[in-house]
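To find a chain, count down the sequence lines: A is the first, B the second, and so on, and within it residues start at 1.
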Protein chains: 2
Amino acid sequence: MLTQSEENYLKCIYHLSSKSNGAINTNAIADSLETKAASVTDMIQKLANKGLASYVKYKGVNLTNKGEKEALKVVRKHRLWEVFLVKELGFNWDKVHDIAEQLEHIKSTTLIDKLDKFLAYPKFDPHGDPIPDANGEIAPNPTTTLSILKPGDVCTVICAKDTSSDLLLFLDRINISLGTQLEVVDYLEFDGSYSVKVDNGNPITLSTKVAENIFIDKL
Amino acid sequence: MLTQSEENYLKCIYHLSSKSNGAINTNAIADSLETKAASVTDMIQKLANKGLASYVKYKGVNLTNKGEKEALKVVRKHRLWEVFLVKELGFNWDKVHDIAEQLEHIKSTTLIDKLDKFLAYPKFDPHGDPIPDANGEIAPNPTTTLSILKPGDVCTVICAKDTSSDLLLFLDRINISLGTQLEVVDYLEFDGSYSVKVDNGNPITLSTKVAENIFIDKL
DNA sequence: TATTATTTTTAGTCTTATCTAAATTTATAT
DNA sequence: ATATAAATTTAGATAAGACTAAAAATAATA
């Protein structure tokens, strides 16, 4: 059984690994977890002893298959809880991270699988990051944006392209969030703007730039 | 900010206090938490120093108002999560305790208040124990049982009188659980049995004894 | 290449929450 | 009332996870 701290380190190394290639160095982990390099050294040695990481002194650390599997379980839990918090409890996209950081450590495979089912097996979290399934499989990143749709097309929103932008705030204001259904009513050649019904409400206008930054699932 | 361990001690002392009067002794807490008396002494001294408990050496411990307030917050969280697990995720009554033991320590007042709202402010958990509201107020224990109803009366199920019995298993089998709607169709003088529609389905028969052990809210 | 700067690791300390064993207090029984 | 039993507390130890300061290894630079 992994401790909360071990899980946090595994998740951190997993995230850093997916951003760069090669071994992850001590300081990067320390920065990311807001801890000190000495603490990191201690922990990665522990993880290596447990067969969760491969570690070469002074060279850095990588997850083993076993370690990556555990990291993915934590990521899965984190993102499913985020979906729950946003879609079911009505939290905003930008307010759920800290709570999900806690919920991701609840121990119960049954719980998380039932939660997954309850949420109808979402593929992406409210920030647009993919949710590993029960086997650790991750859906490919979404590629389809609102801007490819034609009048009459209907879709659901997966996420925004740029997670940390004003766009999220704008979308919040016009009530567009994860899972929102959109219908393209009209496309105006003149300025490239889209007329879109949000959840079958009155049509609103979205610019090309906005449309190009909303990932969608075409229905 | 309380640690997980402090919260567990507070909750334990709260529960023991509600079962007996006078100060709670060290061994009772140790038994309940499956720890050793020496550990309990350490912790209750710590709680006393924080103003959460009043403690007299060799005499036992009681919660202060402040301590009871904190304990009630934990109890509230525990029981709300139990409702969520049973009503929303489809867990059985008897399988939720261990998971709720973990969830009760998630730190976020907003979260728990949103969860409360999401669950439509339940007054009792799946075991029939009352859920403190956001101010720590507890509803009085239910007193009305199914056996006082007349044909035509409709009610919802609050809980079973005897929590740790075969009755729960029986009720599970006939799909009666927290919040289930019942309608009394007929009462048979001959053997005191009730004919009852469960969620507007086909009528089934319940004995007097069963009817006397189901707490209900009359509608 | 030699020297300095940076990174990483080691060694030793601290805190929290445990534990065991011993000492002390309270309760029980002759 | 006094000896014995039971309960409780103290003292000291341990483990996890963090820290600081110092040592060692690697990287960068003159």
Side-chain angles (χ1 to χ4, degrees), chain A residues 1-13 16-17 19-63 67 70-71 74 101-102 104-107, chain B residues 1-13 16-17 19-63 67 70-71 74 101-102 104-107:
Chain A
M1 188 79 90
L2 299 174
T3 67
Q4 201 154 312
S5 190
E6 288 168 337
E7 287 188 342
N8 282 334
Y9 274 90
L10 290 174
K11 190 172 57 124
C12 174
I13 298 168
L16 291 173
S17 292
K19 277 181 216 156
S20 73
N21 39 4
I24 305 306
N25 42 315
T26 306
N27 267 349
I29 299 171
D31 285 354
S32 171
L33 291 178
E34 294 183 297
T35 183
K36 297 301 158 79
S39 311
V40 174
T41 302
D42 282 350
M43 182 56 90
I44 59 187
Q45 286 175 342
K46 189 178 165 190
L47 294 176
N49 285 334
K50 286 194 173 190
L52 296 160
S54 59
Y55 164 59
V56 183
K57 260 192 193 180
Y58 295 102
K59 294 300 177 188
V61 67
N62 275 297
L63 294 184
E70 293 300 328
V74 182
E101 281 297 280
Q102 299 177 63
E104 74 189 7
H105 300 294
I106 303 294
K107 307 275 193 250
Chain B
M1 187 80 89
L2 299 174
T3 67
Q4 200 153 314
S5 190
E6 287 169 337
E7 288 188 342
N8 281 334
Y9 275 90
L10 290 174
K11 189 172 57 123
C12 175
I13 299 167
L16 292 172
S17 293
K19 278 181 214 156
S20 72
N21 37 6
I24 306 305
N25 41 313
T26 306
N27 266 348
I29 298 170
D31 286 353
S32 172
L33 292 178
E34 293 183 297
T35 182
K36 296 302 158 74
S39 310
V40 174
T41 302
D42 282 351
M43 181 57 89
I44 59 187
Q45 287 175 342
K46 189 178 167 191
L47 294 176
N49 286 333
K50 287 193 172 191
L52 296 160
S54 60
Y55 165 58
V56 183
K57 260 194 194 176
Y58 296 102
K59 295 299 179 188
V61 68
N62 275 296
L63 295 183
E70 293 300 329
V74 181
E101 281 298 280
Q102 299 177 65
E104 73 188 7
H105 300 295
I106 303 294
K107 307 277 193 246

Rounded to whole Å, the CG-P distance (Asp42(B) to dT9(D)) equals 10 Å

Quiz item: side-chain contact (heavy atoms from CB on, under 4.5 Å) between Ile29(B) and Met43(B): does it pass, once the steps are laid out?
Solution: CA-CA 11 Å; Ile29(B) 298 170; Met43(B) 181 57 89; over 6 Å; no

Is Ser5(A) touching bases, backbone alone, or none of the nucleic acid, heavy atoms closer than 4.0 Å? sugar-phosphate

Look at the side chain of Glu6(A) and the backbone N and O of Thr3(A), then say whether any donor-acceptor pair between them is shorter than 3.5 Å.
-> yes

Taking only nitrogen or oxygen atoms into account, show me every contact under 3.5 Å that the protein makes with nucleotides 3-6 of chain D, one pair per line with its distance.
none

Taking for Ala37(A) and for Val40(B) the nucleotide of DNA chain D with the nearest heavy atom, the one nearer the 5' end belongs to Val40(B)

request  = Would you indicate what Ser39(A) reaches in the nucleic acid, counting non-hydrogen atoms under 4.0 angstrom: base, sugar-phosphate, or nothing?
outcome  = base

Select base, sugar-phosphate, or nothing to describe what Asn25(A) touches, counting heavy atoms under 4.0 Å on all strands.
-> sugar-phosphate

- [ ] Remember a base hit wins even if backbone is also touched, and classify Thr41(A) as base, sugar-phosphate or nothing at under 4.0 Å, heavy atoms.
- [x] base

Rounded to whole Å, NZ of Lys36(A) lies from P of dC14(C) at a distance of 17 Å

Residues 20-32 of chain A vs side-chain hydrogen bond (donor to acceptor under 3.5 Å, both in side chains), sequence neighbours excluded, gives none

Below 4.0 angstrom, N of the basic side chain to O of the carboxylate: do Glu101(B) and Lys11(B) qualify?
yes

ask   = Does Ser17(B) use its side chain to pair, donor to acceptor, with the backbone of Ile13(B) at less than 3.5 Å?
value = yes

Rounded to whole Å, the CG-C1' distance (Asn27(A) to dA5(C)) equals 14 Å

Next on the checklist: As a quick check of understanding, evaluate side-chain contact (heavy atoms from CB on, under 4.5 Å) for Tyr9(A) and Leu33(A), giving each step before the final call.
Outcome noted: CA-CA 8 Å; Tyr9(A) 274 90; Leu33(A) 291 178; 3.6 Å; yes

Only residue of Ile24(A), Val61(A), Thr35(A) satisfying side-chain contact (heavy atoms from CB on, under 4.5 Å) with Val40(A) is Thr35(A)

Taken to the nearest whole Å, CD/Glu34(A) to P/dC19(D) is 11 Å

If you apply the rule side-chain contact (heavy atoms from CB on, under 4.5 Å), what do you find for Cys12(A) with Asn8(A), and how did you get there? CA-CA 6 Å; Cys12(A) 174; Asn8(A) 282 334; over 6 Å; no

To the nearest angstrom, the CD-P distance between Gln45(A) and dT9(C) comes to 7 Å

Whole-Å distance, Leu2(A) CG to dA16(D) P, equals 14 Å

Closer than 4.0 Å, any side-chain N/O of Tyr9(A) to the OP1 or OP2 of dA18(D)?
yes

From CD1 of Ile44(A) across to P of dA18(D) the rounded distance in Å is 13 Å

Nucleotide by nucleotide, nucleotides 23-29 of chain D touches protein heavy atoms under 4.0 Å in the pattern (B base, S sugar-phosphate only, - none) --SS---

Short N-O contact, Lys107(A) and Glu7(A), less than 4.0 angstrom: yes

Rounded to whole Å, CD1 of Ile29(A) lies from P of dA18(D) at a distance of 12 Å

